[in-house]
Amino acid sequence: MGPAGTTGAKDADPSDRLHQLILKSLDDDQAIETVSIPLAGKSSIADHMVIASGRSTRQVASMAMKLADKIKSETGRAVRIEGLPTADWVLIDAGDVIVHLFRPEVRSFYNLERMWNFGDAPAPVAVQG
């Protein structure tokens with residue numbers, strides 16, 4: 001075993017660990033209709049795009065702030081957040097994972113899942129919590 005805090009070769013890569021951290025945080029905060037769209041090999045912006053909804057602007061803002069705090073504490077990296085003041089649509093750029101948090105009405109209006117389901121892109125994957 002290596003130094004404290006290190007683990008064996010069985011660990012997922014940092015992108016996958018970040019992705020799992022984000023999905024768990026959203027599940028813990030009772031996000032609704034969480035989907036993950038794999039982008040690796042399809043787009044250079046990120047490896048994953050996660051889309052989820054909150055029931056109100058307050059829940060969306062709370063989920064975004066908790067997620068940013070968890071990512072910072074677990075990975076040491078700060079994230080960029082846009083849209084927090086109104087919290088209708090909050091974008092969190094965590095590097096390898098882009099997260100969109102919506103109020104349901106705003107999400108259905110923009111319908112990002114459909115926009116990213118083009119050509120041979122993989123279909124969004126519903127996340128079971």
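- For the residue pair I37 and E113, the shortest heavy atom distance occurs at CD1-CA, 4.2 Å.
- No side-chain heavy atom of D93 sits under 4.5 Å from any side-chain heavy atom of V79.
- Residues S36 and V50 come closest through the heavy atom pair OG-CG2, 4.1 Å.
- In terms of modelled atom types and a separation under 3.5 Å, the side chain of R103 and the main chain of Q59 share no donor-acceptor contact.
- Of the inter-residue distances, the one linking I51 atom CD1 with W89 atom CH2 reads 9.0 Å to the nearest 0.5 angstrom.
- Contact check for I32 versus R55: side-chain heavy atoms found under the 4.5 Å cut-off.
- Note that CG of L84 and CG of L91 are 11.5 Å apart. Values are rounded to the nearest 0.5 Å.
- Between D96 and R77, the shortest heavy-atom contact is N-NH1, 4.0 Å.
- We find the CG-CG distance between L18 and L23 to be 9.5 Å, quoted to the nearest 0.5 Å.
- Within 6.0 Å of the CZ atom in R80, the count of heavy atoms belonging to other residues, nucleotides or ligands does not exceed 12.
- Closest approach of G83 to V90, counting heavy atoms only: O-CG2, 3.6 Å.
- Here the straight-line distance linking atom OH of Y110 with atom NE2 of H100 works out to 12.0 Å at 0.5 Å rounding.
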Side chain to side chain contact (heavy atoms under 4.5 Å, CB included) assessment of I71 paired with D69: CA-CA 6 Å; I71 292 169; D69 289 344; over 6 Å; no
Criterion side chain to side chain contact (heavy atoms under 4.5 Å, CB included) on D88 and T57, from CA distance to verdict: CA-CA 6 Å; D88 284 333; T57 56; 3.5 Å; yes
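- How far OG1 of T75 is from CG of L21: 7.5 Å, rounded to the nearest 0.5 Å.
- Taking a cutoff of 4.0 Å between a charged side-chain nitrogen and a carboxylate oxygen, R17 and E74 do not qualify as a salt bridge.
- Atoms CG and CG, on D47 and L39 in that order, are 8.0 Å from each other to the nearest 0.5 Å.
- Pairing each heavy atom of V35 with each of R107, the nearest pair is CG2-NH2, 3.7 Å.
- Residues I98 and L67 fall into different hydrophobic clusters, defined by Ile, Leu, Val, Met, Phe, Trp and Tyr side chains chained together at heavy-atom separations under 4.5 Å.
- Judged by distance alone, with hydrogens and angles left aside, the side-chain atoms of S25 form no donor-acceptor pair with the main-chain N or O of I22 at under 3.5 Å.
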Trace of the side chain to side chain contact (heavy atoms under 4.5 Å, CB included) decision for L26 with L101: CA-CA 10 Å; L26 293 174; L101 302 177; 3.7 Å; yes
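- Considering every non-hydrogen atom in both A31 and A52, the closest pair reads CB-CB, 3.9 Å.
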